[in-house]
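Just so we're on the same page: letters track the sequence lines, and every chain starts at 1.
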There are 2 protein chains.
Amino acid sequence: MAADLTQLCPRFEKAIGLLSKRWTTLIIYRLLDGPRRFVDIETSLSNLSGKVLSERLKELEEAGVVLRTVYPEKPVRIEYSLTEMGRDLAPLMDDIQGWATRWIKIEQEQV
Amino acid sequence: MAADLTQLCPRFEKAIGLLSKRWTTLIIYRLLDGPRRFVDIETSLSNLSGKVLSERLKELEEAGVVLRTVYPEKPVRIEYSLTEMGRDLAPLMDDIQGWATRWIKIEQEQV
DNA sequence: GTGCGTAAATTACTTTATGTAACCGAGTAT
DNA sequence: ATACTCGGTTACATAAAGTAATTTACGCAC
């Protein structure tokens, strides 16, 4: 009967809980290119609303993946960047990119 | 002004759309150990409801990641397994596991 | 055959998450 | 003063997920 009592590694579960929320991976992917401002992220990911972006950035900051830096210039500038923990996700992103390239088919627009 | 017009690779985006849905990764992770029946997956992932499992398995089958096999035995047996495309996600899972092990802290139960 | 149980779902209903759009406060430009 | 940008927040509407009961098709005990 013992179906499958293999416990999931709690760290793995927690990582998945963080990373697999909607938009999270795409936000991180954007930040791999370098620090970005709120609006830049918002406008570069279509359908991502400021509301959710704000939530995600808070979660990621809380988790230690993203760093929020305030530059006290004339009009204050706020930049979001990846911490070391965040940059360490780069190989993972490459894996997804590789897998996608190998397996994902895109339906062609009519030629 | 040109904020960041870098387009996301559509394959990458599609892959993320598939993989980052709630439960999807955990279901695939479970199937990496070998074929499983519906109830086994359901009971091994707490809080995953039959409803959503059913949806996810259909999506994954549709995407070519999961194979649904019907064994016409006395009480019919249905097994879900990974296709080659699905098994090719193993390195990604390993990377997530590695990253989680390196960075994710678990709050300790009181000793 | 009646009642009971299991596997694999599906349906109806509730709760949570996300999307949309308007609004705010600080700063700057006209 | 007016309008515009940035970095948000708020209020409301829709979509997705959770909960629980029901369904269909079996087998099993009686």
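As rounded to whole Å, 9 Å separates atom P of C/dA8 from atom CD1 of B/Ile41. Computed from coordinates, the B/Arg56 CZ to D/dG18 C1' distance equals 12 Å when rounded to whole Å. Straight-line distance from the OH atom of B/Tyr71 to the P atom of D/dA25: 23 Å, rounded to whole Å. Distance CG (A/Asp40) to P (D/dG8): 13 Å, rounded to an integer number of Å. Between A/Leu53 atom CG and C/dT20 atom C1' there is a gap of 15 Å when expressed in whole angstrom units. C/dA17 atom P lies 16 Å from atom NZ of B/Lys21, rounded to whole Å.
In plain terms, the two heavy atoms of A/Glu13 and A/Leu8 that are nearest each other are OE1-CB, 3.8 Å. Between B/Arg30 and B/Ser44, the closest heavy-atom pair is CD-OG, 3.1 Å. A/Ala15 and B/Trp99 make their closest contact through CB-CZ3, 3.9 Å (heavy atoms, listed as atom of the first residue, atom of the second, distance).
Contact between the side-chain N/O atoms of B/Arg22 and the OP1/OP2 oxygens of D/dA16 is not found at any separation under 4.0 Å. Of the side-chain N and O atoms in B/Arg37, one or more sit less than 4.0 angstrom from OP1 or OP2 of C/dA8. OP1 or OP2 of D/dG18 sits under 4.0 Å from a side-chain N or O of B/Trp23.
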N/O-N/O pairs, protein side and nucleotides 9-12 of chain C side, under 3.5 Å:
| unit_1 | atom_1 | unit_2 | atom_2 | d |
| --- | --- | --- | --- | --- |
| C/dA9 | OP1 | B/Arg68 | NE | 3.4 |
| C/dA9 | OP1 | B/Arg68 | NH2 | 2.3 |
| C/dA9 | OP2 | B/Tyr80 | OH | 2.1 |
| C/dT10 | OP1 | B/Lys58 | NZ | 3.1 |
| C/dT10 | OP2 | B/Ser54 | OG | 2.8 |
| C/dT10 | OP2 | B/Lys58 | NZ | 2.9 |

**Asked** When every nucleotide of nucleotides 23-30 of chain C is labelled 5' to 3' by its protein contacts under 4.0 Å (heavy atoms), B for base, S for sugar-phosphate only, - for none, what sequence of letters results?
**Response** ----SS--
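B/Ile106 CD1 to A/Arg11 CZ: the interatomic distance, rounded to the nearest 0.5 Å, is 5.5 Å. Put simply, OG1 on B/Thr24 and CZ on B/Arg56 are 5.0 Å apart, with the number rounded to the nearest 0.5 Å.
Screening residues 82-91 of chain A for side chain to side chain donor-acceptor pair (under 3.5 Å), with sequence neighbours left out, gives A/Asp88-B/Arg102, A/Asp88-B/Trp103.
The side chain to side chain donor-acceptor pair (under 3.5 Å) with B/Gln97 is formed by just one residue from the set B/Thr101, B/Asp95, B/Asp94; it is B/Thr101.
Taking a 6.0 Å sphere around CD of B/Glu73, one finds it holds more than 12 heavy atoms contributed by other residues, nucleotides or ligands.
B/Arg77 comes within 4.0 angstrom of nothing in the nucleic acid, heavy atoms only.
For the pair A/Lys14 (side chain) and B/Lys105 (backbone), a donor-acceptor distance under 3.5 Å is present.
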